[in-house]
Amino acid sequence: DGGITQSPKYLFRKEGQNVTLSCEQNLNHDAMYWYRQDPGQGLRLIYYSQIVNDFQKGDIAEGYSVSREKKESFPLTVTSAQKNPTAFYLCATTPLTGPGDYGYTFGSGTRLTVV
Amino acid sequence: AQSVAQPEDQVNVAEGNPLTVKCTYSVSGNPYLFWYVQYPNRGLQFLLKYITGDNLVKGSYGFEAEFNKSQTSFHLKKPSALVSDSALYFCAVRALNSGNTPLVFGKGTRLSVIA
């Protein structure tokens, strides 16, 4: 959606396995975000990054890790420490400079299922 | 702390009737408010936003929202609902001068428009 590519669309994880979700953007946006969506719980923030090589924990960071080595990419690793990882994961971006405030642009999501 | 409440998990409306999806918020200072829509297995799409100015904001697909500061509300409205409006709707907020802190999302309201 709108210059953000999330892959894969569907991902299956075995117990005790780490998996990495990809988020790539060509919008030249500064900030990138990872949200987790569960039915009836809305969107909960996992991690976000406003600049390369820097990121902050969100509300539910435990069991997840991220990196921001380049502006275009913000991969999310779901580690074996995350006990209930089955969810829909959404990546979002926004510019932090320029006129106005454009809100977020979202990717199309990755559905992760533990098998 | 910022928060958003969407008091209705589900809203049902007949096609052609007006619809309202409710949102109330809590922030320190002036709010920056958004509505997004999500179709099944997709990312969120921007509908409209309020920063300052007119309390009635017009957005995509014929939707509008009314900002009411005294009631801390930002209800989404449409004069005549379409079956294709059936989707999950999210309200989001952050404080206007909060230094680019992430948006906080409500839990979502599922709108069902019945033909």
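What's counted below: heavy atoms across the whole structure, side chains too, no hydrogens, waters or symmetry copies. Below, read A as the first sequence line, B as the second, and so on, with proteins coming before strands; counting in each chain starts at 1. This structure is a prediction, so every number in the text was calculated from the model and none was measured.
In this structure, A:Tyr104 and B:Thr101 approach most closely via the heavy-atom pair OH-O, 4.5 Å. The minimum heavy-atom distance between A:Phe88 and B:Arg42, with the atom names listed, is CE2-O, 3.6 Å.
Heavy atoms of other residues, nucleotides or ligands lying less than 6.0 angstrom from NZ of B:Lys58 number 12 at most. Open room surrounds CD1 on A:Ile51; 12 or fewer heavy atoms of other groups in view lie less than 6.0 Å from it.
The six-membered or imidazole ring of B:Tyr36 lies near that of A:Phe106, with a centre-to-centre distance under 6.0 Å.
Contacts between B:Gln38 and chain A at a heavy-atom distance below 4.5 Å involve the side chain alone, from C-beta outward. A:Gln6 does not touch chain B: none of its heavy atoms, backbone or side chain, sits under 4.5 Å away. Contacts between A:Leu45 and chain B at a heavy-atom distance below 4.5 Å involve the side chain alone, from C-beta outward.
Under a hydrophobic-cluster definition in which Ile, Leu, Val, Met, Phe, Trp and Tyr are linked whenever side-chain heavy atoms come within less than 4.5 Å, directly or via other members, B:Phe90 and B:Leu47 are assigned to different clusters.
Residues from residues 64-79 of chain B never place a non-hydrogen atom less than 4.5 Å from a non-hydrogen atom of chain A. For residues 102-115 of chain B, a heavy-atom distance under 4.5 Å to chain A picks out B:Pro102, B:Leu103, B:Phe105, B:Gly106, B:Lys107, given by residue number.
In terms of heavy-atom pairs under 4.5 Å with chain A, the best-connected choice from B:Asn41, B:Asp9, B:Val4, B:Leu88 is B:Asn41.
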